[in-house]
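Step one of this worksheet: look at the structure below.
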Amino acid sequence: MSAAEETGGAPLLTVRDLYVGFGRNAEKTPAVRGLNLTVRSGETVAIVGESGSGKSVSALSMVRLVEFGGGRITGGEILLRRRNGQEVDLCQLDEDAARELRGDEIAMIFQEPMTSLNPVFTVGDQLVEAIVTHRDKSRAAARATALEMLQKVRIPNAERMLKRHPHQLSGGMRQRVMIAMALACRPQLLIADEPTTALDVTIQAQILGLVRDLQDDEGMSVLFITHDMGVVAEIADRVIVMYHGEKVEEGPVAEIFAAPKHPYTKALLAAVPKLGAMAGTDTPRPFDMVRAAPDAEGGDSTPTDPAAEPQTTPAAPTPVDYAAEPILSVRGLTTAFDIRGGLLNRVNSRVHAVEGIDLDIWAGETLGLVGESGCGKSTTGRSILRLVDSHADQLHFAGNDLTDMAPSQLQRLRRDVQFIFQDPYASLDPRLTVGYSICEPMLIHGLETRRSASDKAAWLLEQVGLSPEHADRYPHAFSGGQRQRIAIARALSTDPKLVIADEAVSALDVSIQAQVVNLMMELQQRFGLAYLFISHDMAVVERVSHRVAVMYLGQIVEAGTRRAVFENPQHPYTRRLMAAAPVPDPESRNRTRVRMTGEVPSPVRAIGDPPVRTPLKPAGEGHFIADPEGFVIADPVAGQSPAG
Amino acid sequence: MFQYFVRRLLALVPVIFIISVFVFLFVHALPGDPARVLAGENATQADVEAMRRALNLDRSLPVQYVEFVRNLVTLDLGTSLRTGEPVWDMMMRAFPATFWLSVASLAWSVVFGLIAGVISARRRDSFADHSAMVLAVSGISIPPFWLGLLLMQVFSVQLGWFGTSGFDDWSDLVLPSITLGAGVAAVMARFTRSAMVDVIREDYVRTARAKGLRERVVVWKHTLRNALIPVVTMAGLQFGFLLGGSIVIERVFRWPGLGSMLIEAINYRDFVVVQAELMLFSLEFLLINLAVDLLYGIINPAIRYR
């Protein structure tokens with residue numbers, strides 16, 4: 001199956017010594033430096049690398065879209081063997097000739113399915129447009145082809161889909177439409193730029209399966225751009241590792257995983273969280289850090305954080321005292337958002353985001369809360385602090401009954417529970433120095449004077465592996481990983497007892513992710529912090545959690561010790577999540593895969609039709625599951641909410 | 001959509017009510033005593049008092065206001081204090097002139113502004129872009145009445161291409177509508193440009209290019225339609241500017257429209273006419289902006305009405 005390099009189709013696309021740069025310094029500081037690669041017909045080549053490695057820029061150059069983003073190909077050639085056998089150098093084509101190849105012989109799909117379709121045109125119109133641009137077809141004939149393509153990407157009820165607008169579709173459905181559009185002219189090469197990164201794991205599994213099947217049917221080549229080694233292992237025949245604009249390693253997928261040669265590849269692989277890697281252990285364990293090599297050629301340019309590796313030997317974790325009272329104990333937490341409509345603008349339905357869940361978190365432990373987008377995990381975090389309008393039957397925090405949430409209680413709670421959010425770029429005010437951002441919570445809660453607060457900010461910066469001088473700088477001067485460290489320092493400024501980390505490492509590159517996770521564990525040890533670790537990533541959750549709760553449609557369907565849940569998943573939804581997680585091991589690709597179908601149903605329900613609450617029942621020691629009866633995965637089209 | 005429309009219409013009622021309060025208070029706060037003006041220069045104090053009683057001006061403001069609202073609801077706009085003619089008839093007579101002037105001004109300025117804005121955005125930092133934007137800034141900065149006089153001087157007086165006043169012929173529309181629309185066109189051009197510059201960076205524009213569409217299609221179809229939302233919003237707001245501008249411009253071109261009628265009524269303290277006209281202007285503005293809100297949903301189906 002993964003033997004294209006041996007069967008050796010003829011080279012389809014050959015890139016030689018490619019240089020691409022941006023703006024005035026296009027020549028001086030290229031984003032892609034001397035890239036060489038070949039994609040043979042029928043082969044899947046993956047380009048892996050972290051953000052800024054030049055992988056997307058390379059991909060955009062191959063369709064000559066890079067110019068529209070201000071880039072310029074400054075050297076090299078990109079040779080494509082056309083359908084008619086002619087060989088053209090894409091770098092030499094004028095825009096008109098390049099345009100004719102785009103979408104016809106080379107097609108591309110992108111990372112953001114939510115924003116990659118034009119919101120003002122129907123799916124049908126956008127598909128037809130792609131076809132009639134390159135084929136001399138009537139609209140009716142093009143429409144027939146469009147319909148056929150939608151069926152090919154396994155969109156149920158394709159006829160109806162043609163008339164829909166993108167906002168009526170889920171992310172997974174939109175990505176299917178994107179694929180249908182890309183394949184409409186039966187291209188020789190499909191360039192897929194992180195096509196599953198923004199999708200949930202179960203949807204990712206579906207899309208990857210789809211791409212593989214379509215490739216077999218159509219015999220096309222695929223160039224797959226990704227940062228996710230799990231996805232690489234699932235799909236690639238050959239792998240090209242990019243680092244800082246250059247190719248550092250290339251080889252068959254099995255070789256790259258089994259015997260990586262370049263230090264960067266090794267570091268990358270070491271940092272990848274692997275589902276099941278924690279089998280047999282009860283407590284979380286930090287990632288083993290391999291020092292990402294300063295370039296072999298003695299490069300001055302380490303793009304990772306200067307303060308990247310706090311050289312600490314992870315101490316043996318202190319056991320959590322479960323005999324004590326939990327630091328946070330919530331019963332019957334419920335949050336519903338009203339949807340208004342009709343002539344009188346009355347509430348006619350509700351989004352049942354969180355539906356009566358119970359949570360206990362002990363001091364010094366990490367409770368992992370996993371689930372797919374829309375399951376209510378983020379809302380749960382917010383509901384605890386009443387950042388959204390919610391209700392709890394009972395809420396105890398640090399020995400106090402805070403159920404009523406009097407304003408003074410709420411203030412107290414918001415001091416002792418702090419947040420770290422997903423997007424390190426958006427969660428720091430760009431116009432405030434990071435020192436001020438760290439001081440602000442202390443000043444708001446009246447914990448410190450201005451002077452003592454800035455002393456503490458300096459100390460906190462040291463704690464998170466940055467230096468006190470950084471306090472005077474603004475967020476733009478920091479990388480994503482450093483910003484997340486700053487966000488952690490800010491969260492710790494009020495000496496919280498509980499930190500809610502809402503997808504806190506999801507937006508980071510794997511190597512940075514590993515560092516931040518290790519930092520969080522270290523701080524937990526040092527300060528006895530409790531974490532509510534909200535994430536969609538099963539492998540990361542397995543790594544960091546003492547206990548785990550799996551959330552589905554606003555309710556917890558399975559909960560228990562990390563070991564119980566991961567080594568013996570009981571609820572069908574948990575199993576589904578685990579089966580869908582890509583495994584960064586090409587050897588396991590041939591295992592019989594469960595074909596994923598269907599999507600999670602909508603949590604929107606009419607008034608008077610509340611969801612059925614399924615209480616958790618014991619399923620072993622420290623392990624609880626909800627009654628799996630009535631667990632449904634919706635038909636993907638019927639599950640969509642109709643247009644308003 | 002229909003429900004939304006009905007609800008928005010109903011929501012206009014309280015707005016109109018608030019406007020009526022302002023119009024009423026504003027008119028009654030105007031300096032000058034209509035009774036004294038109407039009674040004539042040689043009137044005695046007793047004559048003025050009698051006139052005041054005849055106009056109901058001797059009653060308290062709340063009573064007068066209730067009367068005003070009752071008449072509005074029954075569409076009884078009263079009769080002009082100056083001519084004795086029903087205000088409704090006067091307005092109907094003046095309305096077409098103003099209507100055509102507004103339509104002509106809005107039409108050319110929106111079309112011209114859109115095209116200039118798209119071209120500017122497409123060729124950012126080119127000569128065309130810079131000249132269009134210099135022109136736009138000038139259009140915003142030049143006082144309309146002065147532009148009107150200038151155009152009149154050149155094209156009517158010196159070249160003799162157009163008449164200088166009145167609305168006798170469709171060609172008479174040209175100069176006043178250019179004058180009135182210049183500011184709007186300028187604002188539209190700037191807004192279109194910045195909206196286009198934003199939208200052209202969107203992922204779906206990249207998708208359109210990845211499909212191999214011609215740049216013309218990418219810009220005028222995929223980008224412009226999405227950029228229209230802020231532009232249309234601005235067009236609705238500019239309509240208010242147009243209404244205000246028309247009052248001055250009609251004066252400059254002796255245009256037999258609502259604006260001229262309003263200025264005359266103010267000069268003669270004809271508060272009945274002033275009130276009616278102010279209400280009409282407000283209502284027009286509200287309806288135009290309601291139309292804009294409805295347009296949103298047609299331009300972009302993802303905008304939901306609730």
Side-chain angles (χ1 to χ4, degrees), chain A residues 60 63-65 67-70 95-96 98-122 125-127 129-134 164-168 174 177-178 181-182 184-185 187 191 193 339-345 348 641 643-644, chain B residues 1-11 13-14 121-125 195-232 293-306:
Chain A
L60 287 171
V63 280
R64 291 286 300 277
L65 281 176
E67 281 100 329
F68 292 100
E95 165 54 19
D96 240 15
R99 186 183 62 69
E100 274 173 31
L101 290 176
R102 275 205 296 270
D104 185 2
E105 304 211 19
I106 306 180
M108 193 159 177
I109 56 176
F110 302 97
Q111 173 169 4
E112 284 298 335
M114 300 314 270
T115 54
S116 289
L117 289 169
N118 197 322
V120 305
F121 300 111
T122 61
D125 285 345
Q126 297 188 53
L127 273 162
E129 191 181 37
I131 297 164
V132 296
T133 302
H134 298 292
R164 299 219 158 175
H165 283 94
H167 70 272
Q168 294 167 294
R174 288 188 209 193
V177 170
M178 278 297 290
M181 208 153 80
C185 293
I191 301 178
D193 187 0
I339 297 178
R340 288 168 182 279
L343 195 56
L344 297 170
N345 212 18
N348 56 15
S641 58
Chain B
M1 177 104 170
F2 178 71
Q3 282 187 346
Y4 173 80
F5 177 67
V6 172
R7 211 165 51 231
R8 282 296 305 266
L9 270 185
L10 290 177
V13 174
R122 192 62 212 99
R123 297 163 204 253
R124 223 158 4 130
D125 290 327
M196 289 290 290
V197 166
D198 282 346
V199 174
I200 216 152
R201 296 198 193 107
E202 292 283 343
D203 290 344
Y204 51 78
V205 174
R206 184 182 57 189
T207 305
R209 287 185 175 131
K211 283 199 248 180
L213 300 183
R214 285 173 203 285
E215 194 59 16
R216 188 162 39 83
V217 180
V218 171
V219 170
W220 292 95
K221 183 176 168 189
H222 284 261
T223 313
L224 180 59
R225 175 116 174 235
N226 281 285
L228 276 182
I229 293 287
V231 172
V232 168
D293 284 358
L294 294 175
L295 259 182
Y296 288 166
I298 294 168
I299 295 169
N300 187 347
I303 292 177
R304 288 166 192 231
Y305 292 112
R306 290 202 285 115

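Protein chains get the first letters and strands the later ones, always in sequence-line order, with residue 1 at the start of each. Keep in mind that this is a model prediction, so the values were computed, not measured.
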* When heavy-atom pairs shorter than 4.5 Å are enumerated against chain B, which of A/T133, A/T115, A/I191 gives the highest number? -> A/T115
* Structure fact -> By ring pair (Phe, Tyr, Trp, His ring centres under 6.0 Å), A/F68 pairs with (sequence neighbours left out) none
* Structure fact -> Turns out that what part of B/R201 lies under 4.5 Å from chain A's heavy atoms comes down to neither
* To do: Please look at A/L117 and chain B and tell me whether the side chain, the backbone, both or neither of the residue comes under 4.5 angstrom of a heavy atom of that chain.
  => backbone
* **Side chain / backbone / both / neither for A/M178 at chain B, heavy atoms under 4.5 Å** => side chain
* Asked: B/V217 versus chain A, heavy atoms under 4.5 Å apart: side chain, backbone, both or neither?
  -> side chain
* Asked: For the atom pair CD1 (A/I131) and CD (A/Q126), what is the distance rounded to the nearest 0.5 Å?
  -> 12.5 Å
* Using non-hydrogen atoms and a 4.5 Å limit, figure out which bit of B/I299 sits close to chain A: side chain, backbone, both or neither. => backbone
* **Contact class of A/D104 relative to chain B, heavy atoms under 4.5 angstrom** => neither
* Asked: So, B/E215 and A/R99, do they make that salt bridge, N to O below 4.0 Å?
  -> no
* Give, as side chain, backbone, both or neither, the part of A/S116 having an atom under 4.5 angstrom from any heavy atom of chain B. => both
* **Choice from A/G103, A/G69, A/A107 maximising heavy atom contacts with chain B below 4.5 Å** => A/G103
* Separation of A/H167 NE2 from B/N300 CG (nearest 0.5 Å) -> 8.0 Å
* Separation of A/E129 CD from A/T122 OG1 (nearest 0.5 Å) -> 10.0 Å
* To do: Starting at NE2 of A/H134, measure out to CG of A/L101 and round the result to the nearest 0.5 Å.
  => 9.0 Å
* **Segment of A/A130 engaging chain B (4.5 angstrom heavy-atom cut-off)** => both
* Salt-bridge criterion met for A/E112 and A/R174 (N-O under 4.0 Å) -> no
